[in-house]
Asks: 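There's a structure below that I have some questions on.
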Amino acid sequence: MTDSKYFTTTKKGEIFELKAELNSDKKEKKKEAVKKVIASMTVGKDVSALFPDVVNCMQTDNLELKKLVYLYLMNYAKSQPDMAIMAVNTFVKDCEDPNPLIRALAVRTMGCIRVDKITEYLCEPLRKCLKDEDPYVRKTAAVCVAKLHDINAQLVEDQGFLDTLKDLISDSNPMVVANAVAALSEIAESHPNSNLMDLNPQTINKLLTALNECTEWGQIFILDCLANYTPRDDRESQSICERVTPRLSHANSAVVLSAVKVLMKFMEMLPKDLDYYGTLLKKLAPPLVTLLSAEPELQYVALRNINLIVQRRPEILKHEMKVFFVKYNDPIYVKLEKLDIMIRLASQANIAQVLAELKEYATEVDVDFVRKAVRAIGRCAIKVEQSAERCVSTLLDLIQTKVNYVVQEAIVVIKDIFRKYPNKYESVIATLCENLDSLDEPEARAAMIWIVGEYAERIDNADELLESFLEGFHDESTQVQLQLLTAIVKLFLKKPTETQELVQQVLSLATQDSDNPDLRDRGYIYWRLLSTDPVAAKEVVLAEKPLISEETDLIEPTLLEELICHIGTLASVYHKPPSAFVEGSRGVQHKRLPGSAGSGESVESPDTSSAAGISDAPPAVIPSQGDLLGDLLNLDVTPPATTGPPPAANSGVQMGAMDLLGGGLDSLMGAGFGAAPAAMPASFSAPVSGGLDDLFDLGGGVGMPMGAFSPPKTVWLPAMKGKGLEISGTFARRAGVFQMELTLMNKAMSVMTDFAIQFNRNSFGIAPAGPLQVLTPLSPNQTIEVTLPLNTVGPVMKMDPLNNLQVAVKNNIDVFYFSCQYPISMLFVEDGKMERQVFLATWKDIPNDNESQFQIKDCHLSSDAASNKLQGSNIFTIAKRTVDGQDMLYQSMKLTNGIWVLAELRLQAGNPNYTVSIKSSVVQPNL
Amino acid sequence: MIHSLFLINASGDIFLEKHWKSVVSRSVCDYFFEAQERATEPENVPPVISTPHHYLISVLRHRIYFVAVIQSEVPPLFVIEFLHRVVDTFQDYFGVCTEAAIKDNVVVVYELLEEMLDNGFPLATESNILKELIKPPTILRTMVNTITGSTNVGEQLPTGQLSVVPWRRTGVKYTNNEAYFDVVEEIDAIIDKSGSTITAEIQGVIDACVKLTGMPDLTLSFMNPRLLDDVSFHPCVRFKRWEAERILSFIPPDGNFRLLSYHVSSQNLVAIPVYVKHNITFREGSSQGRFDLTLGPKQTMGKAVESVLVSSQLPRGVLNANLNPSQGTYTFDPVTKLLTWDVGKINPQKLPSLKGTMNLQAGASKPDENPTINIQFKIQQMAISGLKVNRLDMYGEKYKPFKGIKYMTKAGKFQVRT
């Protein structure tokens with residue numbers, strides 16, 4: 001006789017029969033009936049009609065029957081709130097039962113009944129149970145507070161249960177402590193700002209003591225809670241680490257991973273030269289490797305986390321490459337993750353082994369996996385320079401297999417290799433061209449076209465090849481069309497004589513027959529460039545391209561830091577900040593890694609925290625380096641690029657726009673993009689102060705997140721002068737924070753460390769708001785993006801020109817000096833909007849001597865568009881007037897030093913020339 | 001925390017659902033079914049699936065998907081570990097964890113799930129405690145229950161939940177006191193074409209079956225504890241003692257449990273107990289291929305390699321295979337293209353071989369994938385890592401227990417590339 005008999009009743013009068021049985025006098029029959037009811041409930045049948053009859057069975061000494069009735073109650077109380085009240089008395093009575101098991105069971109069940117009316121009756125018994133002499137009851141009651149909070153948060157606060165819960169953290173029983181922590185954590189999740197868990201050294205000590213004695217689940221709660229604590233100094237940090245390390249040997253993988261999280265976070269605070277630091281690093285590797293021998297589901301979560309750990313601290317697993325080798329019967333999701341980590345760990349030492357493995361994988365059956373393996377070979381080539389040659393020959397071997405998707409992937413990655421090592425492997429082009437016909441995927445076609453265009457001078461029949469693509473121009477995807485356009489223009493610039501016809505054909509196809517604005521715009525730009533100044537066109541189109549960076553799919557550092565704080569959570573599996581996707585976590589606090597002990601002062605830089613705040617959209621991988629470029633590139637490349645959650649900005653894909661903008665991108669080009677297609681770059685008749693000049697080529701800034709204009713990066717310190725250190729940079733104002741964005745590149749042979757920056761006195765008192773954040777040594781050929789927040793509270797000295805800034809950068813080699821100019825617009829503050837009345841009065845008050853006037857030529861913006869654009873740079877339009885067909889915009893802006901500047905902008909319909917009058921109460925010679 | 005649990009069988013029916021908080025509609029499983037459809041193989045369903053309002057975390061065990069529904073940020077490993085615990089508990093209670101067994105014992109299943117989680121927080125997951133709360137169904141007990149009307153729910157507060165050793169119940173009594181330890185090692189390896197080892201590692205466990213009266217305190221020491229540098233312990237093991245003396249000191253749970261698991265990584269030299277000579281070739285333009293496989297023992301310290309089973313996924317183009325085994329039997333499934341050869345025991349004097357031809361589809365081109373050979377085997381009375389128990393002592397009780405240690409080596413994921 002098994003329980004399946006309960007499922008067999010499908011007769012019509014079932015409910016009726018059950019009712020009769022429930023009301024039977026015989027205990028046995030009753031119990032059987034309740035069992036049948038529960039069975040029906042579990043398979044989703046509605047047995048709520050039996051509510052009163054079942055509740056009647058509740059008053060019994062039979063524990064099993066009681067439990068079954070409780071089960072039923074939890075399920076149906078919500079739909080029958082009035083009836084549920086009937087059960088309250090029994091609950092209250094049970095809460096005073098001499099048997100702690102019954103007391104706990106009652107308080108547990110009551111919490112599960114999600115009916116408002118009942119919760120009121122719950123408070124008293126719950127209060128008693130929280131102070132019960134039996135720890136089993138106390139720990140159950142602790143969870144009950146969390147349940148109650150879920151139903152009625154206000155009630156819990158009013159009744160002071162939260163304080164009682166906090167007291168339980170100091171309970172003598174470790175299980176009670178663990179449950180109290182768990183309950184508080186859950187409550188805190190819906191209460192982001194309340195300071196529920198005020199962690200101090202005393203509570204931490206209690207938690208650590210409880211950690212050793214509570215159950216595995218309790219350990220997880222406690223470890224997760226510990227991870228939120230920020231130790232006062234490295235000593236405390238070390239002592240916590242020492243007490244957490246034994247957890248790494250726990251059989252429960254969740255405990256292990258939570259312990260890893262705590263250690264990864266607190267390790268940041270330990271000085272690197274400490275012996276213990278090295279010991280800790282060594283201790284972290286074995287447990288991570290062990291996680292990989294567990295079941296595939298566990299492996300998957302572990303791998304996603306290892307991916308983060310490897311990016312943050314590659315040294316931990318650098319000797320463990322072999323454990324990431326793929327077994328042929330691993331599930332696909334494990335295979336793909338392993339592959340990703342293999343590439344991250346690839347180095348000169350192990351590259352031969354990795355390549356042999358990757359080649360093996362490329363002959364497997366699973367198409368997705370094979371593709372990714374081929375891509376991985378390309379990424380190895382880009383990452384480990386010494387291996388590039390071997391990678392290329394491996395790829396050529398694979399192309400010889402003639403397996404269609406392998407060939408296509410190989411061509412895509414070879415294009416990336418060309419970008420990284422120009423003029424080195426072009427000998428393989430012939431082999432690639434042989435496979436031209438078999439390419440049917442847009443990405444592969446685009447890659448092939450790019451190669452043909454780029455090396456047109458070496459391919460004899462380049463024009464024929466491109467022409468063959470041109471035949472089906474309108475059937476191609478945008479990506480291919482754009483590449484084809486660029487490639488043919490390149491070809492034309494290289495072999496002008498024989499390809500005139502071809503280029504005209506493609507330009508007319510792009511500009512006249514296409515509905516795609518991107519394609520049309522690019523067509524127009526080329527057309528104009530070619531027709532006005534072919535030399536300039538050559539400079540722009542055939543400009544030397546920046547090399548693609550070593551690893552393009554690294555997670556952005558601030559996000560990585562946040563994710564490291566969330567190891568083991570869903571956030572770490574999705575590689576997204578928790579705020580981006582977990583429902584109900586309103587305004588989650590962003591966690592950051594604590595600073596290393598070495599730096600001494602606080603590392604909290606305003607820019608990083610605000611950056612994290614903005615990134616609720618899919619995190620942008622493109623580093624802060626010129627958002628302008630980034631935006632354009634994204635637009636250009638793959639329309640669906642924004643949909644995929646993993647930020648896979650493939651460097652190769654961006655190329656289309658890169659070569660267009662390439663080195664030749666000056667701020668003037670920027671304007672053409674955002675504005676009307678035919679717009680020519682705006683320029684000023686008089687070279688007024690640099691600030692305004694830049695402001696008017698805001699065109700490119702339209703799509704920028706904060707609307708503020710930021711000029712593209714320029715080289716400030718060439719490598720020649722910097723003993724191998726090249727610095728390029730720009731200024732930006734993002735989310736109200738004025739900052740300097742720097743790209744440091746080490747072109748020397750030795751590692752650079754100990755970076756620091758200082759400014760000379762300047763006109764607006766600009767000074768760094770924090771130290772230069774270059775935490776890791778800069779190895780040869782490495783590039784790093786640094787954002788330096790600035791403030792304007794430094795010493796003031798008038799400079800000539802006004803916006804000149806003299807900078808000193810120091811590293812372990814020498815001190816370097818250079819100067820750069822910041823756009824004045826960076827200094828316009830957010831609250832620069834004047835009241836209309838005040839504006840009027842001020843305007844009148846300022847003597848005419850303080851006014852200067854000039855013209856802006858060739859700007860095709862309507863007054864509204866101009867006003868919107870200027871607003872993005874904190875130039876606020878106060879009023880607009882239309883006189884005789886002329887639009888007059890009255891604008892105000894405020895500088896960081898409190899000086900107000902007023903402006904009048906006159907636009908005449910049809911006339912591309914604007915007139916600007918500027919007034920300021922304070923006379924500045926240049927303004 | 002964990003909101004709900006759905007059990008889904010191979011044909012996609014939800015045959016059990018349990019909610020620990022408010023009820024989550026079973027339509028949430030539609031997202032799971034979508035993912036299931038996309039996956040080519042049942043085991044390829046991603047373990048974490050996001051839906052607009054929930055997250056589904058699933059494990060596949062015994063051809064049943066255990067799908068947990070969570071709503072807020074919960075460590076996924078926590079959920080997966082818990083699901084494993086559910087599976088283990090079912091297996092422990094019902095002997096097998098199948099749909100039929102679960103349906104047969106649905107009331108017990110419900111009682112168990114109710115005890116294991118409270119509002120999504122784990123409550124009692126130790127098998128010892130659960131068994132005190134809810135007695136496992138046995139034929140005898142079922143009969144007694146039916147006749148007398150008694151229940152299989154314990155009346156007493158499970159004492160273990162409060163003691164310092166929550167894993168052990170009090171008042172244990174046996175007439176025969178015995179403690180058995182099994183050292184089982186699985187060797188995972190990838191061997192390349194030429195026979196050299198690409199990677200090899202050993203996953204070892206020590207499973208114990210301890211039936212001792214009272215509160216015994218055991219110590220277990222090893223001849224070569226140096227091997228164990230990457231270990232995971234049962235909570236009962238005193239970690240400090242291990243750190244200091246490399247001795248396992250513990251009060252054991254009652255019954256079967258895993259004392260520790262360990263990992264001997266690829267950096268140590270791992271002995272490979274079998275070798276394979278293979279020659280699987282297809283000629284261009286011919287519709288036949290040659291298949292030639294010979295197995296032999298090596299580094300087995302004189303122990304016999306038993307229960308050998310070879311399997312290989314042949315290329316898709318292979319129509320059938322005409323092979324001749326020197327011992328054992330082979331089968332070839334023309335649909336899945338899976339070749340399996342049940343070899344049995346390897347006789348070092350007469351090495352087992354499997355030779356013959358494979359026929360390709362007429363006109364099919366030479367397959368470009370190379371089949372991987374998967375080998376399973378067992379070696380009794382040997383731990384391949386060389387781990388050896390030195391002695392087992394008992395303190396705290398007066399009787400003399402019967403002690404036993406067994407060693408075994410098995411193939412885990414042992415793959416030979418061709």
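Just the heavy atoms: all of them, side chains too, but no hydrogens, waters or symmetry mates, feed the values below. In what follows, chains are A, B, ... by sequence order, proteins preceding strands, each numbered from 1.
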Asks: Out of A/Thr109, A/Ile332, A/Asn179, A/Thr363, return the one with the most heavy atom pairs under 4.5 angstrom to chain B.
Replies: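 When all of A/Thr109, A/Ile332, A/Asn179, A/Thr363 are compared, A/Ile332 has the most.
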Asks: Would you say that more than 12 heavy atoms from the other residues, nucleotides or ligands in this model lie under 6.0 Å from the NZ of B/Lys337, or not?
Replies: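 Yes - once you tally the heavy atoms of other residues, nucleotides and ligands closer than 6.0 Å, there are more than 12.
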Asks: By a 4.5 Å heavy-atom criterion (distance strictly below it), what part of B/Lys240 contacts chain A: side chain, backbone, both, or neither?
Replies: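 Contact with chain A is absent: no heavy atom of B/Lys240 under 4.5 Å.
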Asks: What part of A/Thr401 gets closer than 4.5 Å to chain B, counting heavy atoms only: side chain, backbone, both or neither?
Replies: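 No part of A/Thr401 comes within 4.5 Å of chain B.
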Asks: Any heavy-atom pair between the side chains of A/Glu216 and B/Thr125 that's under 4.5 Å?
Replies: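 When only atoms from C-beta onward are counted, A/Glu216 and B/Thr125 do touch, with a gap below 4.5 Å.
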Asks: Could you tell me which of B/Trp242, B/Phe82, B/Trp20 has the largest number of non-hydrogen atom pairs under 4.5 Å with chain A?
Replies: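 It is B/Phe82.
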Asks: Is B/Glu41 reaching over with its side chain to a backbone N or O of A/Pro331, donor-acceptor style, under 3.5 angstrom?
Replies: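 Judged by distance alone, no pair lies under 3.5 Å.
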Asks: If I measure from the heavy atoms of chain A, does B/Arg417 come under 4.5 Å with its side chain, its backbone, both, or neither?
Replies: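 B/Arg417 touches chain A through side-chain heavy atoms alone.
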Asks: Within the structure provided, determine whether B/Pro75 and A/Leu257 are in side-chain contact (heavy-atom separation under 4.5 Å).
Replies: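 Result no, sub-4.5 Å side-chain heavy-atom pair not found.
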Asks: Need one label for B/Thr40: side chain, backbone, both or neither, based on atoms under 4.5 Å from any heavy atom in chain A.
Replies: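 Answer is neither: B/Thr40 stays 4.5 Å or more from chain A.
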Asks: Can you find a pair of side-chain heavy atoms, one from B/Pro47 and one from A/Tyr333, that are under 4.5 Å apart?
Replies: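 They are in side-chain contact.
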Asks: Find out whether A/Leu298 and B/His84 are in side-chain contact, i.e. whether some heavy atom of one side chain is under 4.5 Å from a heavy atom of the other.
Replies: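 Result yes, sub-4.5 Å side-chain heavy-atom pair found.
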Asks: Can you tell me how far the CD atom of B/Glu43 sits from the CG atom of A/Asp330, to the nearest 0.5 Å?
Replies: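 That separation rounds to 11.0 Å.
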Asks: Could you look at A/Val176 and say if it's the side chain, the backbone, both or neither that has a heavy atom under 4.5 Å from chain B?
Replies: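 Contact with chain B involves no heavy atom of A/Val176 at all.
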Asks: Taking B/Val23, B/Leu83, B/Val231 one by one, which has the highest count of heavy-atom pairs under 4.5 Å against chain A?
Replies: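 The candidate making the most pairs under 4.5 Å is B/Val231.
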Asks: Rounded to the nearest 0.5 Å, what separates atom OG in A/Ser572 from atom CD in B/Glu73?
Replies: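 Output value for this atom pair is 7.5 Å.
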Asks: For A/Val403, which atoms come within 4.5 Å of any heavy atom of chain B: side chain, backbone, both, or neither?
Replies: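 Just the side chain, heavy atoms under 4.5 Å.
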Asks: First locate atom CG of A/Leu288, then atom CG of B/Asp230, and finally report the distance between them rounded to the nearest 0.5 Å.
Replies: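 The distance works out to 9.5 Å.
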Asks: Considering only heavy atoms, which portion of B/Phe239 lies under 4.5 Å from any heavy atom of chain A: side chain, backbone, both, or neither?
Replies: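 When you check distances to chain A, only side chain atoms of B/Phe239 fall under 4.5 Å.
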Asks: Who wins among A/His250, A/Lys335, A/Glu357, A/Lys327 for the most heavy-atom pairs under 4.5 Å with chain B?
Replies: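 Most heavy-atom pairs within the cutoff with chain B belong to A/Lys327.
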Asks: Report yes if some heavy atom in the side chain of B/Glu114 is under 4.5 Å from a heavy atom in the side chain of A/Tyr70; otherwise report no.
Replies: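 Sidechains of A/Tyr70 and B/Glu114: no contact.
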Asks: Checking A/Arg108 against B/Glu115 for the salt bridge (Lys or Arg N to Asp or Glu O under 4.0 Å) test, could you report, in this order, the C-alpha distance in whole Å, the side-chain angles of both residues, the deciding distance, and whether it holds?
Replies: CA-CA 11 Å; A/Arg108 202 176 115 197; B/Glu115 287 304 331; 3.5 Å; yes
Asks: Quick one: what part of B/Glu126 sits under 4.5 Å from any heavy atom of chain A, side chain, backbone, both or neither?
Replies: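 For B/Glu126, the contact with chain A is made by the side chain alone.
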Asks: Using the rule given for side chain to side chain contact (heavy atoms under 4.5 Å, CB included), can you reason through A/Glu297 versus B/Ile57, listing the C-alpha separation, both sets of side-chain angles and the distance that settles it, and then say yes or no?
Replies: CA-CA 9 Å; A/Glu297 296 93 357; B/Ile57 297 181; over 6 Å; no
Asks: B/Val237 versus chain A, heavy atoms under 4.5 Å apart: side chain, backbone, both or neither?
Replies: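 Looking at B/Val237, nothing touches chain A.
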Asks: Less than 4.5 Å to any heavy atom of chain A: does that hold for the side chain of B/Ile70, its backbone, both, or neither?
Replies: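 Looking at B/Ile70, just its side chain touches chain A.
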Asks: Side chain, backbone, both or neither: which part of B/Gln203 has a non-hydrogen atom closer than 4.5 Å to chain A?
Replies: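 Contact with chain A: side chain only.
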Asks: Do A/Trp217 and B/Arg85 have side chains that get closer than 4.5 Å, going by heavy atoms?
Replies: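 They are in side-chain contact.
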Asks: If we define contacts as heavy-atom pairs under 4.5 Å, which of A/Ala182, A/Pro174, A/Cys144 has the most with chain B?
Replies: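 Looking at each of A/Ala182, A/Pro174, A/Cys144 in turn, A/Ala182 comes out on top.
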Asks: Any chance NZ of A/Lys402 has more than 12 other-residue heavy atoms, nucleotides or ligands included, within less than 6.0 Å?
Replies: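 Result for NZ/A/Lys402: enclosed.
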Asks: Give, as side chain, backbone, both or neither, the part of B/Val74 having an atom under 4.5 angstrom from any heavy atom of chain A.
Replies: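 Answer is backbone: N, CA, C or O of B/Val74 sit under 4.5 Å from chain A.
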Asks: Shortest non-hydrogen contact from A/Ala254 to B/Glu81?
Replies: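 Reported closest heavy-atom pair: N-CG, 4.0 Å.
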Asks: Answer with side chain, backbone, both or neither: which region of B/His19 has an atom nearer than 4.5 Å to a non-hydrogen atom of chain A?
Replies: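 Neither; nothing under 4.5 Å.
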Asks: Between CG of B/Asp229 and NZ of A/Lys283, what distance do you get to the nearest 0.5 Å?
Replies: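 Reported value, rounded in 0.5 Å steps: 12.0 Å.
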Asks: Which of parallel (below 30°), tilted (30 to 60°) and perpendicular (above 60°) describes A/Phe221 and B/Phe78?
Replies: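 It falls in the tilted class, 30° to 60°.
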Asks: Between A/Tyr328 and chain B, which part of the residue has a heavy atom less than 4.5 Å away: side chain, backbone, both or neither?
Replies: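 For A/Tyr328, heavy atoms of backbone and side chain both lie under 4.5 Å from chain B.
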Asks: Can you tell me which portion of A/Val573 sits under 4.5 Å from chain B's heavy atoms? Options are side chain, backbone, both or neither.
Replies: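 Side chain only.
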Asks: Would you compute the distance between atom NE2 of B/His263 and atom OG of A/Ser293 and round it to the nearest 0.5 angstrom?
Replies: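 Here the interatomic distance stands at 5.0 Å.
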Asks: Taking all atoms of both residues into account, what is the closest heavy-atom pair of A/Phe325 and B/Thr199, and its distance?
Replies: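 Closest approach of A/Phe325 to B/Thr199: CD1-CG2, 3.8 Å.
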Asks: Tell me, out of B/Val79, B/Ile190, B/Asn44, who's got the most heavy-atom pairs with chain A below 4.5 Å.
Replies: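 Winner by heavy-atom pair count: B/Asn44.
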Asks: Say you draw a straight line from CZ of B/Phe121 to NZ of A/Lys147; how long is it, rounded to the nearest 0.5 Å?
Replies: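 Taking CZ in B/Phe121 and NZ in A/Lys147, the distance rounds to 9.0 Å.
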Asks: Is there a side-chain contact between B/Ser232 and A/Thr290 (heavy atoms, below 4.5 Å)?
Replies: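 SC-SC contact between B/Ser232 and A/Thr290 confirmed.
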Asks: Of the backbone (N, CA, C, O) and the side chain (C-beta and beyond), which part of B/Tyr262 lies under 4.5 Å from a heavy atom of chain A, both, or neither?
Replies: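 No part of B/Tyr262 comes within 4.5 Å of chain A.
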Asks: Using side chain to side chain contact (heavy atoms under 4.5 Å, CB included), reason through A/Glu295 and B/Ile80 one step at a time and then give a plain yes or no.
Replies: CA-CA 10 Å; A/Glu295 288 81 355; B/Ile80 296 175; over 6 Å; no
Asks: Any chance the side chains of B/Gln415 and A/Asn329 put a donor and an acceptor closer than 3.5 Å?
Replies: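 Looking only at side-chain atoms, A/Asn329 and B/Gln415 do form a donor-acceptor pair, the distance falling under 3.5 Å.
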